[in-house]
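Data block below; observations after.
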Amino acid sequence: MESLSLVQFQVGKQSKKDLVVAYIKDIVDPELVQEVENRIKKIDIDSVPESGYVEQLIEDNYLSPGLGSYNGNGQFGRNHP
């Protein structure tokens, strides 16, 4: 049975914007979820003007495609060679 999981974070030292990671627990790779959560927790920034900033901050290298990518449908995935 599929189950939607939501994990809430606050991002930005001053702005303290709410960020929610949503995923289907029965489908997603738990290691990927843990990696995304760890990267979000490491964000050290005063303000997050929009969600695109978070995407760039948690990528391996925001200037080139990395292991983690945002697919535009509210999900993060892994790029495969």
Side-chain angles (χ1 to χ4, degrees):
M1 179 175 172
E2 295 179 0
S3 58
L4 180 64
S5 292
L6 305 171
V7 182
Q8 185 173 355
F9 300 91
Q10 280 196 334
V11 182
K13 292 177 187 176
Q14 294 179 0
S15 64
K16 298 190 186 304
K17 291 202 175 180
D18 290 329
L19 170 70
V20 176
V21 174
Y23 59 92
I24 299 175
K25 195 173 191 175
D26 300 334
I27 296 174
V28 72
D29 177 0
E31 291 180 16
L32 178 60
V33 173
Q34 188 62 51
E35 182 65 23
V36 169
E37 290 179 5
N38 290 342
R39 290 180 185 205
I40 290 170
K41 289 176 185 176
K42 291 179 183 178
I43 293 175
D44 184 20
I45 193 167
D46 289 332
S47 179
V48 179
E50 61 178 283
S51 62
Y53 278 70
V54 174
E55 176 187 350
Q56 289 182 0
L57 291 169
I58 67 171
E59 287 181 344
D60 288 331
N61 182 349
Y62 73 92
L63 296 175
S64 66
L67 290 177
S69 64
Y70 180 71
N71 70 9
N73 292 325
Q75 300 173 348
F76 286 89
R78 291 184 186 244
N79 295 333
H80 296 283

Pairing residues for K13 by the side chain to side chain donor-acceptor pair (under 3.5 Å) criterion, not counting sequence neighbours
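If we apply the side chain to side chain donor-acceptor pair (under 3.5 Å) test to K13, skipping adjacent residues, the hits are D44.
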Under the side chain to side chain donor-acceptor pair (under 3.5 Å) rule, collect the residues that match up with Q8, sequence neighbours excluded.
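D18.
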K25: partners by side-chain contact (heavy atoms from CB on, under 4.5 Å), with sequence neighbours left out:
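Per chain and number, K25 pairs via side-chain contact (heavy atoms from CB on, under 4.5 Å) with S3, S5, Y23.
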Would you compute the distance between atom [atom1] of [X] and atom [atom2] of [Y] and round it to the nearest 0.5 angstrom?
X   : Y   : atom1 : atom2 : value
I45 : L57 : CD1   : CG    : 5.0 Å
K16 : D46 : NZ    : CG    : 10.0 Å
E35 : I58 : CD    : CD1   : 9.0 Å

How far apart are the closest heavy atoms of S15 and S47, and which atoms are they?
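Closest approach of S15 to S47, heavy atoms only: OG-CA, 3.4 Å.
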Heavy-atom closest pair, residues E59 and R39
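In terms of heavy atoms, the two residues are closest at C-NH1, 3.6 Å.
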Do I43 and V54 come within less than 4.5 Å of each other through their side chains, counting heavy atoms only?
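Yes, at least one pair of side-chain atoms sits under 4.5 Å.
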Path from V20 to L4 over hydrophobic side-chain contacts below 4.5 Å:
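Per the 4.5 Å side-chain linkage, V20 and L4 are co-clustered.
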